[in-house]
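What follows is a short report on a single structure.
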There are 2 protein chains.
Amino acid sequence: MLTELFLKGRLRHDLNEEERSALENAVARTIEIRPRVTLVERGQLIQHSYYLVQGTMLRHIDDRRGERQLVGVNIPGDFVDLHGYAMKRLDHDVGSLTGAILAQISHRKITELIDSYPHLGRALWFSTLLDAAMHREWIFGLGRLNAEGRIAHLIAELIERLRLVGLYDGSVLPIPLLQRDYAEACGITPVHANRSFRTLRERGALRPCGEGRMEILDEELIRRLGEFDGSYLYGTGELALRTLHDR
Amino acid sequence: MLTELFLKGRLRHDLNEEERSALENAVARTIEIRPRVTLVERGQLIQHSYYLVQGTMLRHIDDRRGERQLVGVNIPGDFVDLHGYAMKRLDHDVGSLTGAILAQISHRKITELIDSYPHLGRALWFSTLLDAAMHREWIFGLGRLNAEGRIAHLIAELIERLRLVGLYDGSVLPIPLLQRDYAEACGITPVHANRSFRTLRERGALRPCGEGRMEILDEELIRRLGEFDGSYLYGTGELALRTLHDR
DNA sequence: GCACCGCGCTAACCTATGTGATTGAGACTT
DNA sequence: AAGTCTCAATCACATAGGTTAGCGCGGTGC
């Protein structure tokens, strides 16, 4: 099943079988793309959205000088541009970090899904609001943490999100971000990202383990340095749904 | 009419009379609150959302040490916590900057609205995605601009948003943010916010004009310093809807 | 086999921003 | 009238992070 990870660990148990298979059947086709290619460009009129089945995608805004600011990272189970459904044009670019497999769903189908399954509609809405919650947390990190904390926060978030969808093995962060990518996400220079990774290494928090991946040695420390509290991911914790969604 | 500013300058002409009056009739009551009070607290279970009729509201995340990071500013025409409809608990606090008037709409009513007027449902969704687009732009600003640029970007955004809803008179920014508020929004210290305002003043970009308000002397300069391009507000410009929304 | 290139890594130096303290104006209390 | 706040405005000093340059390693192309 392509969409089995959608909202996994979140509203999962709140989507019934009918809704889930309707979502599954809405997929027009799957596409496979290579690493570091652009999937959706800012400003382009879109009629489909993409659900990420495998791989990692990056979302970014570029400034005049071509400097890139990451505004989001997507992992399997995420829609990468569902907000494009209501917006029709994105304000940012979406591209692959690794090779990736995506399921394409037309906006027409999404309208049908929402009309037929109002609760699924709210789940789709919810998933775009999760993005917004992550954005807010990134704003917090950029505004209040130093470089080391920002990197730690990002890593802690990725670990937690991977864990929610069952893709974290407890030791290796399976996302091959370059130090440049961390720099572009954290609003620092690659040189300073390197410095920060050195101190993280020296503290025994993590170490590189080839192919751009990180071995996580002390997740608790990473969370502390990043002042990370994952409740904003609405998986577990104080913000998660504790009662059945109002259907 | 309470909700006349909702999506004004955006999808406005895309809401028909029936939808608009349905929204208007969904308002249970209006409340008035005083300056600098909390309206919705992080984590609290909510059953209503609030639409801002008058005044300015601030949304913020606080860290362990009580340091506050603003994650959004709301002006009349905005829902301040519509995302609470799908999330049930907010990941951040919402409070007033000035005295404010808000229209309360119960989540039950919102469900009815969406079920009866699918297009209005998408408009509501769209409005929460506008928030997300602003979040992304703030991430960009925090990541890529220096202190002066961040302040300029924030001011340029506020001007543009006020203009879209017809609340900008072309010269005074009618939002009495303190320098501390700018600092909390821009991830800098109040001392540095003060320095940055001095250089903005010296450049002839703006000047304070009492009650915490700013007189805008050179909007073009402010936009340039903040690398501001308002298309992400989906009002005018390359991202705005140019065709009728798919109903 | 050699040249190249991207990436991680480091050092020396410079600058933007943080820190801590002080001052004065205006509003509000008592 | 005196005391107390809060906020804008500074200053002197400390430091996180930017800049520029360079090195080595591994992959890739010729």
Side-chain angles (χ1 to χ4, degrees), chain A residues 34-37 63 65-69 97-98 141-155 173 175-203 206-215 225-227, chain B residues 34-37 58 63 65-69 97-98 141-155 173 175-203 206-215 225-226:
Chain A
R34 306 178 359 115
R36 303 276 179 185
V37 298
D63 74 6
R65 297 171 295 279
E67 300 282 323
R68 172 167 298 188
Q69 174 65 47
L97 168 67
T98 63
L142 287 165
R144 296 292 145 207
L145 304 179
N146 64 11
E148 194 189 12
R150 294 179 202 176
I151 290 175
H153 191 285
L154 173 55
I155 291 176
L173 184 69
I175 299 181
L177 291 163
L178 301 177
Q179 291 188 358
R180 169 167 40 90
D181 299 315
Y182 282 100
E184 289 173 352
C186 297
I188 55 179
T189 58
V191 172
H192 199 52
N194 183 278
R195 280 196 276 248
S196 306
F197 272 110
R198 172 164 45 157
T199 68
L200 286 170
R201 232 184 302 128
E202 287 168 356
R203 287 179 197 270
L206 49 74
R207 74 173 162 224
C209 65
E211 319 272 305
R213 295 194 191 77
M214 292 288 158
E215 182 179 355
L225 291 170
E227 296 195 14
Chain B
R34 306 180 358 115
R36 302 276 179 187
V37 298
L58 303 178
D63 74 7
R65 296 172 295 278
E67 299 282 321
R68 171 165 299 189
Q69 174 64 47
L97 168 67
T98 63
L142 287 166
R144 296 292 146 205
L145 303 179
N146 64 14
E148 195 190 11
R150 294 179 202 175
I151 290 175
H153 191 285
L154 173 55
I155 291 176
L173 184 69
I175 299 181
L177 291 164
L178 301 178
Q179 291 188 357
R180 168 168 39 92
D181 299 314
Y182 282 100
E184 289 173 352
C186 296
I188 56 180
T189 57
V191 173
H192 199 54
N194 183 277
R195 280 196 276 250
S196 304
F197 272 110
R198 172 163 48 156
T199 70
L200 285 169
R201 234 184 300 127
E202 286 167 355
R203 288 179 197 269
L206 49 73
R207 75 173 163 223
C209 65
E211 320 271 305
R213 294 193 191 76
M214 292 288 158
E215 183 180 354
L225 291 170

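Keep in mind that what you see is a predicted model, and the values were worked out from it rather than measured. In the text below, chain A, chain B and the rest are named by the order of the sequence lines, each starting its count at 1.
Proximity of residues 183-196 of chain B to DNA chain C (heavy atom under 4.0 angstrom from any strand atom) is restricted to Gly187(B), Ile188(B), Thr189(B), Val191(B), His192(B), Arg195(B). Listed by residue number, Asn146(A), Ala147(A) are the residues of residues 141-155 of chain A with a heavy-atom contact under 4.0 Å to DNA chain D.
Checked against side-chain contact (heavy atoms from CB on, under 4.5 Å), Asn194(A) has the following partners two or more places apart in sequence or in another chain: Gln179(A). Residues satisfying the side-chain hydrogen bond (donor to acceptor under 3.5 Å, both in side chains) test with Asn146(A), not counting sequence neighbours, are none. Glu67(B) pairs by the side-chain hydrogen bond (donor to acceptor under 3.5 Å, both in side chains) definition with nothing, not counting sequence neighbours. For Arg68(A), the side-chain hydrogen bond (donor to acceptor under 3.5 Å, both in side chains) partners two or more places apart in sequence, or in a different chain, are His60(A), Asp62(A). Residues satisfying the side-chain hydrogen bond (donor to acceptor under 3.5 Å, both in side chains) criterion with Arg203(B), sequence neighbours excluded, are Glu148(B). In terms of the side-chain contact (heavy atoms from CB on, under 4.5 Å) criterion, residue partners of Arg36(B) (sequence neighbours excluded) are, by chain and number, Leu58(B), Leu97(B), Leu178(B), Arg180(B), Asp181(B).
Counting only residues at least two apart or in different chains, side-chain hydrogen bond (donor to acceptor under 3.5 Å, both in side chains) contacts with residues 183-192 of chain B comprise His192(B)-Arg195(B).
By the 4.5 Å heavy-atom criterion applied to side chains, Leu225(B) and Leu200(B) are counted as neighbours. Tyr182(A) is not listed as a side-chain neighbour of Ile188(A), based on a closest heavy-atom distance of 4.5 Å or more. Proximity of Leu142(A) to Arg150(A): side-chain heavy atoms (C-beta onward) are separated by under 4.5 Å at one or more points.
Atom-to-atom distance recorded for Ile151(B):CD1 and Thr199(B):OG1 is 8.0 Å, nearest 0.5 angstrom.
What you find for Ser196(A) and Ala147(A) is that their closest heavy atoms are OG-CB, 3.5 Å. Minimum heavy-atom separation, Gly226(B) to Ala152(B): N-CB, 3.7 Å.
Bending across the helix from dG1(C)-dC30(D) to dT30(C)-dA1(D), expressed as the angle between its end axes from five pairs apiece, amounts to 40° (10° rounding).
Put simply, the side chain of Arg207(B) never gets that close to the backbone of Glu215(B): no donor and acceptor are under 3.5 Å apart.
Other residues, nucleotides and ligands contribute at most 12 non-hydrogen atoms within 6.0 Å of the CD atom of Glu211(A).
The outermost nucleotides of DNA chain C lying under 4.0 Å from heavy atoms of chain B, listed 5' to 3', are dT17(C) to dG20(C). In the 5' to 3' direction, nucleotides of DNA chain D lying under 4.0 Å from heavy atoms of chain B begin and end at dC7(D) to dA12(D).
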